[in-house]
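Residue numbers run from 1 in the order of the sequence given.
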Amino acid sequence: MTTQALLEQIHRKKSFLCIGLDTDLDKMPTYLLSEEDPMFAFNKDIIDATHQFAVAYKINTAFYEAQGKKGWKALNKTIEYLNSEYPDLFTIADAKRGDIGNTSAMYAKAFLQEMAFDSVTVAPYMGKDSVEPFLAIRDKHTILLALTSNEGAFDFQTLKTDGVELYKKVIETSKTWENSESLMYVVGATKAEHLAEIRKLIPDSFLLVPGVGAQGGSLEDVCKYGMSKNVGLLVNSSRGIIYASESSNFAEIAAAKAEVMQREMAAQLSKLHL
């Protein structure tokens with residue numbers, strides 16, 4: 001999916017909501033466990049109920065890998081369902097890959113070509129040659145970890161080198177890589193105070209922002225400091241939506257939660273006259 005196609009969907013739906021499918025067998029309604037594929041059954045119900053309020057879905061691959069063959073099967077069925085039934089939705093493989101060049105090329109092929117995700121999250125620690133294989137695939141996006149929402153982010157990401165925080169060095173350096181126009185960046189909602197500085201470095205890039213909702217991030221602050229003239233945000237909510245209820249009408253309640261977020265986003269977009 002091109003950036004323009006994503007923007008058109010944001011404008012049409014008045015939403016920049018990304019729903020995270022962090023699907024956990026221990027947290028879903030117990031009656032689904034009798035299904036042949038409980039993870040896919042859960043995902044399908046969530047997607048069908050919430051798609052009109054969201055522009056993107058992020059599949060955290062760890063939750064599927066932990067279930068072995070059954071998990072990988074559910075992951076593949078989920079992305080195939082999204083691509084076939086809702087092809088206008090932006091899809092993210094939250095896999096946090098990154099390795100030497102030939103290995104990264106295989107990761108890129110796996111997620112962006114074979115499974116046909118629109119994007120994949122990538123760790124930048126190994127540098128240029130570990131990221132450019134992802135960027136080489138056209139009309140796909142690489143979402144680089146920049147400043148994450150976890151407590152341990154302060155262990156390395158905000159350390160200064162030559163007086164500049166490391167995450168800023170990562171962002172500046174990434175702009176020099178081949179096909180860097182296909183980069184997006186992860187910036188945690190709990191780090192909203194840094195968003196204004198990040199926007200100075202990448203005024204037009206899309207930011208994937210986790211941490212709103214269950215992790216305590218503020219949507220208003222994210223929009224205040226992180227929204228660009230072309231929106232430039234995908235705000236992710238996972239637990240706050242998909243696990244809003246363990247009852248049989250869990251998908252309906254998830255949709256209600258998603259609609260509330262969509263309305264809040266529409267209000268923020270109105271400030272841009274969109």
As a quick check of understanding, evaluate salt bridge (charged side-chain N to carboxylate O under 4.0 Å, His left out) for Arg263 and Glu259, giving each step before the final call.
CA-CA 6 Å; Arg263 288 179 178 176; Glu259 184 176 13; 3.0 Å; yes
Set out, in order, the CA-CA distance, both residues' side-chain angles and the distance that settles salt bridge (charged side-chain N to carboxylate O under 4.0 Å, His left out) for Lys168 and Glu165, then state yes or no.
CA-CA 5 Å; Lys168 291 182 180 178; Glu165 293 95 332; 3.4 Å; yes
Going by an N to O cut-off under 4.0 Å, is there a salt bridge joining Lys169 and Glu172?
no
Does Tyr167 have its ring centroid less than 6.0 Å away from the ring centroid of His194?
yes
For Glu264, check side chain to side chain donor-acceptor pair (under 3.5 Å) against everything at least two apart and list the hits.
none
Atom pair CE/CG of Met1 and Leu6 - distance to nearest 0.5 Å
6.5 Å
Single-linkage hydrophobic cluster Leu7~Phe53, side-chain heavy atoms < 4.5 angstrom
no
Atom OG1 in Thr121, atom CZ in Arg97: separation rounded to 0.5 Å?
8.5 Å
Taking every non-hydrogen atom, the tightest pair across Ser174 and Ile171:
OG-O, 2.7 Å
Lys257 and Ala244 have their tightest heavy-atom pair at CG-CB, 3.8 Å
Under 3.5 Å, side chain of Ser245 to main-chain N/O of Ile253, donor-acceptor pair present?
no
Rounded to the nearest 0.5 Å, what separation is found between the CD1 atom of Ile242 and the CD1 atom of Ile46?
6.0 Å
Taking the six-membered ring for Trp, are Phe40 and Tyr81 parallel (under 30°), tilted (30 to 60°) or perpendicular (over 60°)?
perpendicular
Would you call Lys27-Asp22 a salt bridge at under 4.0 Å N-O?
no
Taking every heavy atom of Ala49 against every heavy atom of Ala251, the minimum-distance pair comes out as CB-O, 3.4 Å
Would you indicate whether the side-chain heavy atoms of Tyr125 and Phe156 approach each other to under 4.5 Å?
no
Could you grab the distance from atom OG of Ser205 to atom NE2 of His141, nearest 0.5 Å is fine?
11.0 Å
Is Lys77 salt-bridged to Glu80, cutoff N-O under 4.0 Å?
no
Between Ile19 and Ala258, the two heavy atoms sitting closest are CD1-CB, 4.3 Å
Output field: ring centroids Phe206/Phe90 closer than 6.0 Å
no
Contact summary for Ser182 and Lys140, nearest pair of heavy atoms:
CB-O, 3.6 Å
